[in-house]
Protein chains: 2
Amino acid sequence: MAAREQLKHAPCPVARALDAVGDAWSLLIVRDAYDGKRRFGEFLDSLGIARNILSGRLRKLVEAGILEEAAASDGSAYGEYRLTRKGMDLFPVVVGLRQWGEKHLYGRQERHSLLIDEASGKPIPRMRPAAADGRPLTPANTRVRKLPDGRA
Amino acid sequence: MAAREQLKHAPCPVARALDAVGDAWSLLIVRDAYDGKRRFGEFLDSLGIARNILSGRLRKLVEAGILEEAAASDGSAYGEYRLTRKGMDLFPVVVGLRQWGEKHLYGRQERHSLLIDEASGKPIPRMRPAAADGRPLTPANTRVRKLPDGRA
DNA sequence: GTTTCGTGGTTGCATTGTAAAACCAGTTTC
DNA sequence: GAAACTGGTTTTACAATGCAACCACGAAAC
């Protein structure tokens, strides 16, 4: 993508974020990492992705500081990929995608997996942007304040 | 993407969501729509995307029910693209991406645009997944309950 | 009312990214 | 030490992207 070059240095954080994780596989890898997966083979089996593509994505995520390589925790000589703090911080994005998908992408009959709060054993409540006083924030009552010089 | 076929009918809502909006351009279009942009030319100028790609993405977003075509609100005979409820509901995802980008993708020196709460005129607070009692939820204290038959 | 321009696309072609399968080196198992 | 497993890379085919040119239609100029 030629426009990617612009994206990477955009004044809009949404654009930069999408440059980093704006392809389908990256966030699915991160999702699997939340689920405890760490090894190349685990991601491979779970995602059904081609090996070379997975290889490239993992390298990109490591370069981006979202994952880090480490010695395998099972004592073998192999490596594994672990989430960094930066990767952990993507949790709200994945939760947002999940909740949107749950609401809009399943038929009445269809079932889907659920994200469970381990403390209560119940599905987690809907996450919504809110002001400090609790008022819900929407596109209608927010606006983007652009940089004086720049674009969106 | 061959795996896209699997994604579209995956039991994981994250996978389905990424099948729908898991490319960089779609969410940037939605972001611009939140910012009030509606016309083909507005998206074109704002994004720096190729015309044919924009055309295809807009069609895909309309088919997905995220945007809808309508007569232009300025009285001309041209059309415009408006967000549906489904599109509005992507707001938490875009906010999540924005806040992650703000935190991790800018140097100390660098400035970025801000999302402002119009009521207070101040930047909106960080959005985080939380239990009903307010406890913060993270990958560490949640887990995915998979379908009995299916995968992640 | 017919040139002229702006809008909203489509088409064709070159470049790039993705997918699948084969291959391969190092590791573990037996 | 042979066989199988892990974690890749390479090769080749195909699909998506990007760019530029083109075109139909509505609007504006005259």
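Below, read A as the first sequence line, B as the second, and so on, with proteins coming before strands; counting in each chain starts at 1. Computation of the quantities below employed the complete heavy-atom set of this structure, encompassing side-chain atoms and omitting hydrogens, waters and symmetry-equivalent molecules.
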Quiz item: Once you round it to whole Å, what is the distance between P of C:dT27 and CZ of A:Arg39?
Solution: 13 Å
Quiz item: Whole Å only: how far is the CG atom of A:Leu54 from the P atom of C:dG17?
Solution: 18 Å
Practice problem: Check ring pair (Phe, Tyr, Trp, His ring centres under 6.0 Å) between A:Phe43 and all other residues, then give those that pass, not counting sequence neighbours. | Solution: none
Practice problem: Return the value, rounded to whole Å, for the distance between atom CD of B:Glu42 and atom P of C:dG6. | Solution: 17 Å
Exercise. Sort and list the pairs that fulfil ring-ring contact (aromatic ring centres under 6.0 Å, His included) and have at least one residue in residues 110-147 of chain B, not counting sequence neighbours.
Key: B:Tyr106-B:His112
Quiz item: Which whole-number value in Å describes the distance from A:Ile49 CD1 to D:dG7 P?
Solution: 15 Å
Quiz item: What integer distance in Å separates B:Lys60:NZ from C:dG9:C1'?
Solution: 19 Å
Which donor-acceptor pairs under 3.5 Å do the side chains of residues 119-127 of chain A make with protein atoms, sequence neighbours left out?
unit_1   : atom_1 : unit_2   : atom_2 : d
A:Ser120 : OG     : A:Asp117 : OD2    : 3.4
A:Ser120 : OG     : A:Lys122 : N      : 3.1

Quiz item: For the side chain of B:Arg57, counting heavy atoms from C-beta on, which of D:dT17, D:dG18, C:dT18 is nearest?
Solution: D:dT17
Quiz item: Is any side-chain N or O of B:Arg51 under 3.5 Å from a base N or O of C:dG8, one able to act as donor and the other as acceptor?
Solution: yes
Quiz prompt | Phosphate contact (D:dT9 OP1 or OP2) by A:Ser55 side-chain N/O below 4.0 Å | solution = yes
Exercise. Decide yes or no for A:Ser26 and A:Leu61: does some side-chain heavy atom of the first lie under 4.5 Å from some side-chain heavy atom of the second?
Key: yes
Quiz item: Distance check: side-chain N/O of A:Trp25 vs OP1/OP2 of C:dG17, anything under 4.0 Å?
Solution: no
Quiz item: Just how far, in rounded Å, is P of C:dG9 from CD1 of B:Ile53?
Solution: 14 Å
Quiz item: What residues, two or more places apart in sequence or in another chain, satisfy side chain to side chain donor-acceptor pair (under 3.5 Å) together with B:Glu63?
Solution: none
Quiz item: Can you list the residues that meet the ring pair (Phe, Tyr, Trp, His ring centres under 6.0 Å) rule with B:Tyr78, with sequence neighbours excluded?
Solution: none
Quiz item: Taking for each residue the nucleotide of DNA chain D bearing the nearest heavy atom, is the 5' side occupied by A:Gly41 or by B:Ala50?
Solution: A:Gly41
Exercise. Select one nucleotide: of D:dG7, C:dG8, C:dA19, the one nearest the side-chain heavy atoms of A:Phe40.
Key: D:dG7
Practice problem: Please state how far atom CG in A:Leu44 lies from atom C1' in D:dG8, giving the value in whole angstrom units. | Solution: 10 Å
Practice problem: Round to the nearest Å and state the distance from B:Arg38 atom CZ to C:dG8 atom C1'. | Solution: 18 Å
Quiz item: Heavy atom of residues 72-83 of chain A under 4.0 Å from DNA chain D: which residues?
Solution: A:Tyr78, A:Gly79, A:Tyr81
Quiz item: Does A:His9 reach the side chain of A:Asp19, with side-chain heavy atoms less than 4.5 Å apart?
Solution: no
Exercise. Name the closest nucleotide to the B:Arg59 side chain, picking from C:dG9, C:dT10, D:dG18.
Key: C:dT10
